[in-house]
Protein chains: 2
Amino acid sequence: MITLSEENYLKAILSINLETKNIVSTNEIAGVLNTSPASVSEMIKKLEEKNLVNYEKYKGVSLSKSGEKLALEILRKHRLWETFLVNKLEFSWSEVHDVAEQLEHVKSKKLTNKLDHFLNYPKFDPHGEPIPSKNGIISPTKRVLLSEVPIKTKGIIMGVSTDESEFLDYLTQLNFKIGSKIKILDIILFDKSMKIQIGDKIEQISEEVTNNIHIKIIE
Amino acid sequence: MITLSEENYLKAILSINLETKNIVSTNEIAGVLNTSPASVSEMIKKLEEKNLVNYEKYKGVSLSKSGEKLALEILRKHRLWETFLVNKLEFSWSEVHDVAEQLEHVKSKKLTNKLDHFLNYPKFDPHGEPIPSKNGIISPTKRVLLSEVPIKTKGIIMGVSTDESEFLDYLTQLNFKIGSKIKILDIILFDKSMKIQIGDKIEQISEEVTNNIHIKIIE
DNA sequence: AATTATATTTAGGCATCCCTAAATAAATGT
DNA sequence: ACATTTATTTAGGGATGCCTAAATATAATT
């Protein structure tokens with residue numbers, strides 16, 4: 001049996017190595033999980049005994065095949081639940097994380113797959129992050145930062161790179177949602193702010209904001 | 001903060017005193033939770049310190065106001081999730097219990113209330129048990145055992161009194177569901193089995209079965 | 001290459017929640 | 001009422017998962 005804590009460690013390792021390299025340090029894990037490095041060392045040993053990670057003292061950790069499989073299942077559940085909360089229960093983006101963090105630990109393959117079906121097999125969660133499939137395949141998206149595209153670009157908002165709720169609330173206010181179609185009408189050279197068309201509105205947003213929005217270019 | 005274990009104890013105490021009297025013994029709790037009486041004594045003391053139960057050594061336990069409130073919230077969540085699983089995800093009766101047992105511990109008032117709304121404020125769960133309201137009111141149903149009603153009675157199936165999956169599966173096979181309308185066509189004096197009309201079918205069921213089905217008489 | 005700084009691990013402890021065995025209180029039978 | 005049975009509590013211990021402080025390995029600096 002795998003414990004809740006162990007699941008959180010696997011998830012943390014996966015999420016670190018999705019954004020950076022394959023080998024993860026004790027310190028990074030401690031940072032993500034808000035625990036002490038000492039606790040991490042301890043837990044890593046337990047995970048190694050269960051063959052969920054590969055580990056060499058002082059050299060860092062990587063997920064084993066079965067560890068990665070488990071971690072992807074948790075990530076899948078997390079993102080499916082987030083999708084459920086936003087699409088079905090009308091939660092807003094900024095509220096779903098903590099709840100999904102709890103729901104992701106519910107153990108029932110049947111539940112996960114029925115939920116997937118109920119949601120109509122979504123490929124992306126409300127933050128635009130890909131949802132791993134039943135077999136653990138995570139479709140990579142080629143996304144760019146909104147701040148990096150040229151004038152006249154059309155694209156679909158795919159996600160954000162921060163979870164700060166002030167930021168997310170601001171986006172909600174602007175009506176910027178995952179899947180929203182936007183067009184860059186103008187880029188102000190002086191401060192790199194952008195005039196953006198969304199629906200039939202035009203919004204002016206700063207570089208601080210465009211720097212945190214990912215889009216998929218469609219034209 | 002209340003722990004998962006504490007929640008399970010509160011829930012156990014509530015469920016025992018819903019079916020029997022108000023004061024619950026250590027042994028009964030141990031029975032429900034599959035733990036040793038010694039562990040129960042220990043935990044009860046912790047719950048008393050948190051003012052969640054009233055307790056006198058050797059005299060048994062009862063829920064305090066705040067303990068009852070918490071227990072009702074957990075029961076509410078359990079029954080809402082069961083309803084969700086059956087009505088939305090197409091689980092069958094007999095499968096939902098273990099999953100709901102996990103989901104009931106997810107902490108988010110907002111989630112519970114949005115789920116309630118999403119399900120259209122159900123009053124009864126798929127087993128026919130009443131769902132406590134937001135303010136902890138649990139609508140009592142005057143139900144009778146199917147085995148106790150006279151011939152020609154019409155009623156609605158409201159629930160069952162056992163969770164054995166063989167029994168539940170048999171009911172599914174007979175197409176006996178919560179809310180199903182039935183009519184007693186005949187009662188065989190010899191073995192008290194009943195001829196029952198359900199939909200446009202007629203089924204013959206034994207006293208062992210009628211003894212475990214609750215109905216609400218409508219005629 | 002040696003020293004200093006940083007990262008990681010080990011050691012020793014604490015809280016939670018479980019256990020068995022022994023002690024004690026309450027209930028029951030005669 | 002007293003002895004016996006049953007219920008409950010106390011005592012002592014184990015696993016998990018966390019902590020701080022100390023020890024040790026690795027990385028960085030000069």
Side-chain angles (χ1 to χ4, degrees), chain A residues 1-17 20-63 67 70-71 74 101-102 104-105 107, chain B residues 1-14 16-17 19-63 67 70-71 74 101-102 104-105 107:
Chain A
M1 219 21 236
I2 186 167
T3 67
L4 192 143
S5 252
E6 288 170 345
E7 289 197 349
N8 283 328
Y9 275 92
L10 293 178
K11 198 181 52 144
I13 297 168
L14 178 67
S15 84
I16 294 168
N17 88 35
T20 57
K21 65 276 147 187
N22 215 263
I23 283 188
V24 174
S25 77
T26 304
N27 250 11
E28 287 172 308
I29 299 172
V32 170
L33 294 179
N34 248 295
T35 56
S36 70
S39 302
V40 177
S41 283
E42 214 179 25
M43 178 60 96
I44 293 303
K45 270 191 269 174
K46 241 175 290 172
L47 293 174
E48 208 209 358
E49 265 163 38
K50 294 190 175 185
N51 285 312
L52 297 170
V53 298
N54 308 115
Y55 171 55
E56 251 185 284
K57 264 190 199 172
Y58 296 101
K59 296 269 172 80
V61 196
S62 65
L63 291 170
L70 275 173
I74 301 162
E101 200 97 314
Q102 297 178 66
E104 73 191 5
H105 298 292
K107 281 166 195 60
Chain B
M1 219 20 237
I2 186 164
T3 68
L4 194 141
S5 252
E6 289 169 345
E7 289 197 348
N8 282 329
Y9 275 90
L10 292 178
K11 198 181 51 142
I13 298 168
L14 178 67
I16 294 168
N17 88 35
E19 347 197 293
T20 57
K21 66 279 148 186
N22 215 263
I23 282 187
V24 174
S25 78
T26 305
N27 250 12
E28 287 173 307
I29 298 172
V32 170
L33 294 179
N34 248 295
T35 57
S36 69
S39 302
V40 177
S41 283
E42 211 180 25
M43 179 59 97
I44 292 303
K45 270 190 270 175
K46 241 177 291 171
L47 292 174
E48 208 210 356
E49 265 163 38
K50 294 190 175 187
N51 285 311
L52 297 171
V53 298
N54 307 116
Y55 172 54
E56 251 185 285
K57 264 191 196 171
Y58 295 102
K59 296 267 173 79
V61 197
S62 65
L63 291 170
L70 276 173
I74 300 163
E101 201 97 312
Q102 297 178 65
E104 73 191 5
H105 298 290
K107 281 164 195 61

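Here is how names work: the chains are called A, B, and so on, in the same order as the sequence lines, proteins then strands, and each is numbered from 1.
- Distance from the side chain of B/Tyr58 is smallest to D/dT8 among C/dC18, D/dT8, C/dT10.
- Distances shown here put a side-chain N or O of A/Thr3 below 4.0 Å from the OP1 or OP2 atom of D/dG17.
- Nucleic acid contact for B/Ser41: base, since at least one base atom lies under 4.0 Å from a heavy atom of the residue.
- Between B/Glu7 atom CD and C/dT16 atom P there is a gap of 16 Å when expressed in whole angstrom units.
- Nearest to the side chain of A/Lys46, among D/dT16, C/dT9, C/dC17, sits D/dT16.
- In this structure the side chain of A/Leu14 never reaches within 4.5 angstrom of the side chain of A/Ile74, judged on heavy atoms.
- Counting any heavy atom pair closer than 4.0 Å across all strands shown, A/Lys57 reaches sugar-phosphate atoms only and no base atom.
- For A/Lys45, taking side-chain heavy atoms from C-beta onward, the closest of the listed nucleotides C/dT16, C/dT10, D/dT10 is C/dT10.
- The heavy-atom pair separating B/Glu104 from B/Asn8 by the smallest distance is OE2-OD1, 4.0 Å.
- Residue-level contact check: A/Asn34 touches the backbone only, with heavy atoms under 4.0 Å from sugar-phosphate atoms and none from bases.
- When each of B/Glu6 and B/Lys59 is assigned the nucleotide of DNA chain C bearing its nearest heavy atom, the one mapping closer to the 5' terminus is B/Glu6.
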Checklist entry - Given A/Leu47 and A/Glu6, is the side-chain contact (heavy atoms from CB on, under 4.5 Å) satisfied, shown in steps? => result CA-CA 7 Å; A/Leu47 293 174; A/Glu6 288 170 345; 3.8 Å; yes

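- Look at CG on A/Leu4: it is 14 Å from C1' on D/dC18, rounded to the nearest Å.
- With rounding to whole Å, A/Glu56 atom CD is found 14 Å from C/dT8 atom C1'.
- The listed nucleotides are D/dG17, C/dC19, D/dT8; the one nearest the side chain of A/Ser5 is D/dG17.
- Distance from the side chain of A/Tyr55 is smallest for C/dT8 among the nucleotides D/dG17, D/dT9, C/dT8.
- Between the CG atom of A/Leu47 and the P atom of C/dT9 there is a distance of 13 Å, rounded to whole Å.
- Between the P atom of C/dA26 and the CD1 atom of B/Ile23 lies a distance of 14 Å, rounded to the nearest Å.
- A donor-acceptor pair under 3.5 Å is formed between the side chain of A/Lys50 and the backbone N or O of A/Met1.
- Summarising the geometry, the separation between CG on B/Asn8 and P on C/dC17 is reported as 10 Å, rounded to the nearest angstrom.
- Here B/Ser39 lies in heavy-atom contact (under 4.0 Å) with a base.
- With D/dT9, C/dT20, D/dC18 as the choices, the nucleotide that has an atom nearest any side-chain atom of B/Ser36 turns out to be C/dT20.
- Relative to the side chain of A/Thr26, the nucleotides C/dT9, D/dG13, D/dC19 differ in distance, and C/dT9 lies closest.
- When each of D/dT9, C/dC18, D/dC18 is scored by its nearest atom to the side-chain atoms of B/Tyr9, the top-ranked nucleotide is C/dC18.
- Rounded to whole Å, the distance from CD on B/Glu42 to C1' on D/dG12 is 11 Å.
- In this entry the distance linking CD1 of B/Ile2 with C1' of C/dC17 reads 15 Å, nearest Å.
- Of the residues A/Ile13, A/Thr26, A/Val32, A/Asn27, the one that meets the side chain to side chain contact (heavy atoms under 4.5 Å, CB included) test with A/Val40 is A/Thr26.
- Between A/Lys11 and A/Glu101 there is a salt bridge, with a side-chain nitrogen of the basic residue lying less than 4.0 Å from a carboxylate oxygen of the acidic one.
- Of the candidate nucleotides C/dC17, C/dT9, D/dT8, C/dC17 has the atom lying nearest to any side-chain atom of B/Met43.
- Residue B/Asn27 has its side chain nearest to D/dT8 when only C/dT8, D/dT8, C/dC18 are considered.
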